[in-house]
Amino acid sequence: MALAVYWSFLVYTAVVGFGSVIPQTFWPIASAEASAPEGTCSEGLSALRQELRAEAAAQVGGEGGDMGEFFARWDDRHLLLEERCEDEPAYRRLDVLRHRVETSLRRFQSDEGRIFDELERPHETP
């Protein structure tokens, strides 16, 4: 009896997990507050590229905000451009660039950013 309950729980967990994770991974939906950049596909991609560059510069300069929030908003706006940029290779390339930038920034924050923080702290004299 206990084994049947255990297996039922495992099957339920797997079904619910796959039922929610797979659609979110392969068919994401933008948040209701998000709005697509104005203009044509190329103008929208240019605006997103500039935002990505500006955020990267702010993060490296120590002036950036929460990266998670920025990238969530950016992803929503990028997703809303998908219809306009249906067959545009630059749309997919910008998505690849976004993930590379985020990875680089997170690595920077954990390594070099920590050193910058140490150097900016006032030194205590004995």
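Just so we're clear, the structure is a prediction, and the values are computed from it rather than from any experiment.
The salt bridge (charged side-chain N to carboxylate O under 4.0 Å, His left out) pairs that include a residue from residues 96-114 are Asp75-Arg98, Arg98-Glu102, Glu102-Arg106, where partners are two or more places apart or lie in different chains. Among residue pairs with one or both ends in residues 42-65, those qualifying as salt bridge (charged side-chain N to carboxylate O under 4.0 Å, His left out) are Glu51-Arg77; sequence neighbours excluded. Applying the side-chain hydrogen bond (donor to acceptor under 3.5 Å, both in side chains) test to pairs two or more places apart or on separate chains, none has a residue in residues 1-12. Residue pairs that meet the disulfide bond (SG atoms under 2.5 Å apart) test with at least one member in residues 41-96, sequence neighbours left out, are Cys41-Cys85.
In the hydrophobic clustering, where aliphatic and aromatic side chains (Ile, Leu, Val, Met, Phe, Trp, Tyr) are joined below 4.5 Å either directly or transitively, Phe9 stands alone. Hydrophobic clustering, defined by side-chain heavy atoms of Ile, Leu, Val, Met, Phe, Trp and Tyr closer than 4.5 Å, leaves Met1 isolated from every other such residue.
A distance of 10.5 Å separates CG in Asp95 from CG in Leu48, rounded to the nearest 0.5 Å.
Between Tyr91 and His78 there is a side-chain heavy-atom pair separated by less than 4.5 Å. Looking at Leu52 and Phe70, their side chains come closer than 4.5 Å, going by heavy atoms from C-beta outward. Put simply, the side chain of Leu105 reaches to within 4.5 Å of the side chain of Met67, judged on heavy atoms.
Residue Ala90 comes nearest to Leu45 through the heavy atom pair CB-CD1, 3.9 Å, listed as atom of the first residue, atom of the second, then distance.
Using modelled atom types, one side-chain atom of Thr103 and one backbone atom of His99 make a donor-acceptor pair closer than 3.5 Å.
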